[in-house]
Amino acid sequence: MSVRVRFAPSPTGFLHVGGLRTALYNYLFARHNGGKCILRIEDTDQTRYVESAETALIEACRWAGFEFDESPEKGGEFGPYRQSERTDTYKKYSKILLENGSAYYAFDTSEDLDKMRERQQKSGLAPKYDRSIMRNQYTLGEDETARLIATDEPRVVRLKVPITGDIRFSDIVRGEVVFAARDIDDQILLKSDGYPTYHLANVVDDHLMEISHVIRAEEWLPSTPKHVLLYQAFGWESPKFAHVPLLLNPDKTKMSKRHGDVFVDDFKNKGFFPEALVNFVALCGWNPSSEREIYSMNELIEHFALEKVNKAGAIFDYKKLEWMNSQYLRSYEPIELAPELLKILDSYAYPKVGVEYAAQVIGLLRERINFLHDIPTFGDYMFTRPLAFDDEYKSKHWKPETKANITPLLEIFTSLQEFSHQALHDVVQEYVASKQMALKLIIHPLRLMITGKQVGAGMFETMSILGREEVLARMKSFLENNP
RNA sequence: GCAGCGUUCGUCUAGCGGUUAGGACACCGCCCUUUCACGGCGGCGGCACGGGUUCGAUUCCCGUACGCUGUACCA
């Protein structure tokens with residue numbers, strides 16, 4: 001049997017990183033098995049629909065580095081891929097259930113339902129639809145039911161859950177799971193507005209779209225028995241289930257906005273590389289059991305196995321994500337990143353620089369930062385004269401005799417044939433040797449004059465990238481203004 | 001409340017009856033050094049608890065505790 005999986009989000013806003021991981025696991029599983037990964041939009045709740053959410057979602061996945069094989073956008077032979085466009089199908093299948101006695105009509109108002117739950121809560125019972133006393137086709141009788149339907153009375157279709165027995169299914173990550181039928185509610189299948197609930201729609205669609213594996217978040221585990229019952233009621237073979245663990249806040253609750261960034265777009269805007277986010281999120285809850293941390297998309301695909309997905313939820317460790325981003329920052333060719341840096345630089349008032357220069361600066365500074373966008377602030381002096389000079393650094397390294405030590409360097413740098421890292425290094429070494437002084441007595445003042453900062457990359461490399469003219473200008477200016 | 005699921009360093013995890021319980025992030029120290037970083041080396045730190053099963057349990061079983069998720073005409 002060929003592998004077909006689906007990511008089935010509801011379009012209520014931006015893509016959550018938890019959603020990204022679910023989508024990713026589906027994608028990895030499909031690719032690993034040479035199968036198809038489908039995007040299906042679960043927009044059956046008209047009250048929560050958000051206009052641009054669908055494209056935002058697709059774009060977020062595309063940014064992350066994966067595409068769906070079938071989707072509303074792309075189409076496919078199992079469409080339409082928006083549930084709101086499949087309502088006739090759900091009506092048709094709910095009718096089958098009604099006819100074979102697996103479902104029934106109910107006419108209760110939401111007020112009546114609230115009252116029922118309230119009563120149950122008070123007597124310490126689990127809230128559950130009470131088929132024997134509420135307004136439904138069993139308590140009303142056939143004639144009355146037929147009459148209400150004929151007069152178009154608002155109604156829903158509910159699943160008729162057996163009173164006794166167990167419902168069991170096997171989950172790829174959790175093993176055998178058993179629920180008692182008596183604990184399962186007579187779930188609404190078709191709402192009074194004519195739209196199906198998730199439960200009906202996802203079962204019908206998964207069957208019709210020939211989904212082989214349902215890979216979704218753990219929060220769905222408690223409603224899976226309802227789905228199993230539906231497959232049985234239709235006489236369909238159920239797909240394999242895999243409920244993956246949740247991504248958690250530091251306090252172990254389901255990862256939410258209250259604790260910081262949760263949307264893929266947030267991470268994109270923060271300057272994370274998609275490869276880093278994907279790599280990180282893939283390793284939250286799954287691990288190919290090696291001693292390695294860095295995996296490309298292709299490597300993730302190659303190693304992915306649902307059987308190795310963890311059962312327990314994973315706290316989203318922002319610090320480790322940052323570290324991972326820094327790893328990717330160092331792994332790219334600087335010239336590949338240069339255009340992006342140029343874009344970032346646009347929002348600063350620095351004089352424009354070329355792509356070659358940008359690449360050089362990236363190469364110079366990237367081992368000291370986590371994000372590309374740290375460069376304009378961390379290395380501001382690569383784009384403009386130092387605006388300030390670190391007081392502490394200055395008092396430590398600018399002594400009364402420093403000026404005399406530095407001044408001859410002006411001449412030496414001017415007459416240097418090639419203003420390169422190596423040449424600068426050699427010539428300064430030579431100079432300090434002749435004066436019998438420590439290199440640091442020169443290096444620190446140079447760093448102060450040229451960058452204004454205590455921290456930075458190797459000084460000679462920094463100088464060679466800045467260029468002779470700029471270095472001499474900064475030195476002279478500093479010398480003029482300081483005793 | 002009820003149901004289900006879960007529980008290895010602070011965090012992500014390896015482990016699938018016998019290991020000095022391994023790696024990564026974070027943290028600390030040392031080395032390198034031209035500051036900071038990178039890198040190298042080292043340290044800190046964990047099998048929730050109690051019963052079984054077994055010659056032997058982190059690992060298998062049962063409880064307990066704790067946590068999480070679900071409990072909608074939301075997905």
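Nothing here was measured: the structure is a model prediction, and the numbers come from that model. To find a chain, count down the sequence lines: A is the first, B the second, and so on, and within it residues start at 1.
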Atom [atom1] of [X] to atom [atom2] of [N]: distance rounded to whole Å?
X	N	atom1	atom2	answer
R366(A)	G39(B)	CZ	P	13 Å
M324(A)	A24(B)	CE	C1'	8 Å
R174(A)	G6(B)	CZ	C1'	7 Å
I450(A)	C36(B)	CD1	P	19 Å
N370(A)	A26(B)	CG	C1'	12 Å
D317(A)	U11(B)	CG	C1'	5 Å
H425(A)	U34(B)	NE2	P	8 Å

Considering Watson-Crick and G-U wobble pairs with both distances under 3.5 Å, what does [N] pair with?
N	answer
A65(B)	U7(B)
G39(B)	C31(B)
U59(B)	none
C73(B)	none
A21(B)	none
C16(B)	none

Which part of the nucleic acid, if any, lies within contact of [X], taking any heavy atom under 4.0 Å across all strands shown: a base, the sugar-phosphate backbone alone, or nothing?
X	answer
R330(A)	sugar-phosphate
K308(A)	sugar-phosphate
Q454(A)	base
A217(A)	nothing
Y393(A)	nothing

Using a cut-off of under 3.5 Å, enumerate the N/O to N/O pairs linking the protein to nucleotides 67-74 of chain B.
{"unit_1": "U69(B)", "atom_1": "OP1", "unit_2": "K254(A)", "atom_2": "N", "d": "2.9"}
{"unit_1": "G70(B)", "atom_1": "OP1", "unit_2": "K254(A)", "atom_2": "NZ", "d": "2.9"}
{"unit_1": "C73(B)", "atom_1": "OP1", "unit_2": "R117(A)", "atom_2": "NH2", "d": "3.3"}
{"unit_1": "C73(B)", "atom_1": "OP2", "unit_2": "R117(A)", "atom_2": "NH2", "d": "3.0"}
{"unit_1": "C73(B)", "atom_1": "O2", "unit_2": "S192(A)", "atom_2": "N", "d": "2.7"}
{"unit_1": "C73(B)", "atom_1": "O2", "unit_2": "S192(A)", "atom_2": "OG", "d": "2.7"}
{"unit_1": "C73(B)", "atom_1": "N3", "unit_2": "S192(A)", "atom_2": "OG", "d": "2.9"}
{"unit_1": "C73(B)", "atom_1": "N4", "unit_2": "D108(A)", "atom_2": "O", "d": "3.0"}
{"unit_1": "C74(B)", "atom_1": "OP2", "unit_2": "K191(A)", "atom_2": "NZ", "d": "3.0"}
{"unit_1": "C74(B)", "atom_1": "O2'", "unit_2": "D45(A)", "atom_2": "OD2", "d": "2.8"}
{"unit_1": "C74(B)", "atom_1": "O2'", "unit_2": "R48(A)", "atom_2": "NE", "d": "3.2"}
{"unit_1": "C74(B)", "atom_1": "O2'", "unit_2": "R48(A)", "atom_2": "NH2", "d": "3.3"}

- Message: Does A14(B) have its OP1 or OP2 closer than 4.0 Å to a side-chain nitrogen or oxygen of N310(A)?
- Response: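 Yes, N310(A) has a side-chain N/O under 4.0 Å of OP1/OP2 on A14(B).
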- Where the side chain of R368(A) is defined as all heavy atoms beyond and including C-beta, which of C36(B), A3(B), C25(B) is the nearest nucleotide? C36(B)
- Task: Give the nucleotide from the list U11(B), G6(B), A14(B) with an atom nearest to the side chain of K311(A).
- Result: G6(B)
- Validation row: D380(A), K453(A) side chains within 4.5 angstrom (heavy atoms):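 Yes, at least one pair of side-chain atoms sits under 4.5 Å.
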- Between G23(B) and C32(B) - P atom distance, rounded Å: 25 Å
- Query: When you compare A48(B) with G42(B), how far apart are their P atoms, in angstrom units rounded to a whole number?
  - Reply: 28 Å
- Message: Run the salt bridge (charged side-chain N to carboxylate O under 4.0 Å, His left out) test against R182(A) and tell me which residues pass, sequence neighbours left out.
- Response: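 For R182(A), no residue satisfies salt bridge (charged side-chain N to carboxylate O under 4.0 Å, His left out) once neighbours in sequence are set aside.
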- Are F273(A) and Y332(A) near enough that their ring centres are under 6.0 Å apart?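 Yes; Y332(A) has its ring centre under 6.0 Å from that of F273(A).
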- Does the pair E322(A)/K319(A) count as a salt bridge with the N-to-O cut at 4.0 Å?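 Between K319(A) and E322(A) there is no salt bridge, as every charged N stays at least 4.0 Å from the carboxylate O atoms.
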- Ionic contact status for K320(A) with D317(A), cut-off 4.0 Å: no
- So does K240(A) have more than 12 non-hydrogen atoms from other groups sitting under 6.0 Å from NZ?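 Atom NZ in K240(A) is not packed in, count stays at 12 or less.
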- Message: Using a 6.0 Å cut-off, check whether atom NZ of K440(A) has over 12 heavy atoms from anything other than its own residue.
- Response: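 Atom NZ in K440(A) is not crowded, with 12 or fewer foreign heavy atoms closer than 6.0 Å.
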- Task: Determine, step by step, whether E470(A) and R474(A) satisfy the salt bridge (charged side-chain N to carboxylate O under 4.0 Å, His left out) criterion, reporting the C-alpha distance in whole Å, the side-chain angles of both residues, the deciding distance to 0.1 Å, and the verdict.
- Result: CA-CA 6 Å; E470(A) 185 62 26; R474(A) 290 185 190 190; 2.7 Å; yes
